[in-house]
Amino acid sequence: AQQCNGIYIWKIENFSGLQKAQEEERPVVMHSPGFYTGKPGYKLCLRLHIQLPSAQRCANYISLFVHTMQGEYDSHLPWPFQGTIRLSILDQSEGPERHNHEEVMEAKPELLAFQRPTIHRNPKGFGYVTFMSLQHLKQRTFIKDDTLLVRCEVLTRLDLNS
Amino acid sequence: FPPVPTEDEYMD
């Protein structure tokens, strides 16, 4: 999971257990392992929440954010991070008619989220509070074998220049 | 309308 040419797939297992916790109003927040956007590359991780039924405005939504992490190439990389990040929840249907749920976002270099991290994981992330509703999750095969697949594809400005 | 990405802070 560490080197992936800019594509990382995060397998979240036991999703029914997470949903049960959420239904019982227990907060569900998870971080992915760190992954590199290339070699050399930026170290990033994903943060996923299942918002509680009692949450204001974002109840029963999956929130998804990207965080920068301290990585082994940081001193050789341009900062702030600049590039394009495509976040997807993968449709695991059999056959050709797959409809992933996707959003594409452009890094905003003026934000703290894209500065070189000064601690293990930058507390500031960038992404979507209302990435996808739990209702929408039921409409296709987004859960298979009790597993949710989250994909993150990163194209950095470094990639574009090389 | 498409959702808008935002900065969001999370501390353990």
Side-chain angles (χ1 to χ4, degrees), chain A residues 27-32 44-51 55 57-58 61-69 80-81 83-89 101-115 117-133 136 152 154, chain B:
Chain A
V28 178
V29 184
M30 304 176 71
H31 288 88
S32 77
L44 304 177
C45 74
L46 303 173
R47 168 167 56 100
L48 181 143
H49 295 238
I50 308 178
Q51 299 288 348
R57 293 187 290 277
C58 56
Y61 268 85
I62 291 175
S63 305
L64 191 56
F65 302 95
V66 175
H67 288 257
T68 54
M69 297 180 77
F81 171 92
T84 304
I85 301 170
R86 178 185 297 266
L87 293 172
S88 316
I89 289 181
H101 186 78
E102 272 184 1
E103 299 290 347
V104 180
M105 57 192 197
E106 215 42 61
K108 293 185 176 175
E110 70 274 19
L111 298 180
L112 290 172
F114 297 109
Q115 308 308 312
T118 53
I119 55 173
H120 173 63
R121 182 177 65 226
N122 189 339
K124 299 272 191 185
F126 190 64
Y128 299 91
V129 178
T130 55
F131 185 75
M132 186 176 185
S133 69
H136 188 171
C152 179
V154 183
Chain B
F1 55 95
V4 178
T6 53
E7 191 171 50
D8 185 85
E9 182 165 324
Y10 183 78
M11 300 286 243
D12 286 312

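Every chain is numbered from 1 and lettered A, B, ... according to where its sequence line falls, protein lines coming before strand lines.
- Ring-plane geometry between B/Tyr10 and A/His31 is classed as tilted, the angle between the planes lying from 30 to 60 degrees on a 0 to 90 degree scale.
- Evaluated for a side chain to side chain contact (heavy atoms under 4.5 Å, CB included) with B/Asp8, the options A/Arg47, A/Lys124, A/His67 yield exactly one hit, A/Arg47.
- Taking B/Glu7 as the reference, nothing meets the salt bridge (charged side-chain N to carboxylate O under 4.0 Å, His left out) condition, with sequence neighbours excluded.
- With sequence neighbours left out, A/Glu106 forms a salt bridge (charged side-chain N to carboxylate O under 4.0 Å, His left out) with no residue at all.
- Between B/Pro5 and A/Glu103, the closest side-chain pair of non-hydrogen atoms is not below 4.5 Å.
- Contact annotation for A/Leu112: both backbone and side-chain heavy atoms come within less than 4.5 Å of a heavy atom of chain B.
- Of the atoms belonging to A/Val29, it is side-chain heavy atoms, and not backbone ones, that fall under 4.5 Å from chain B.
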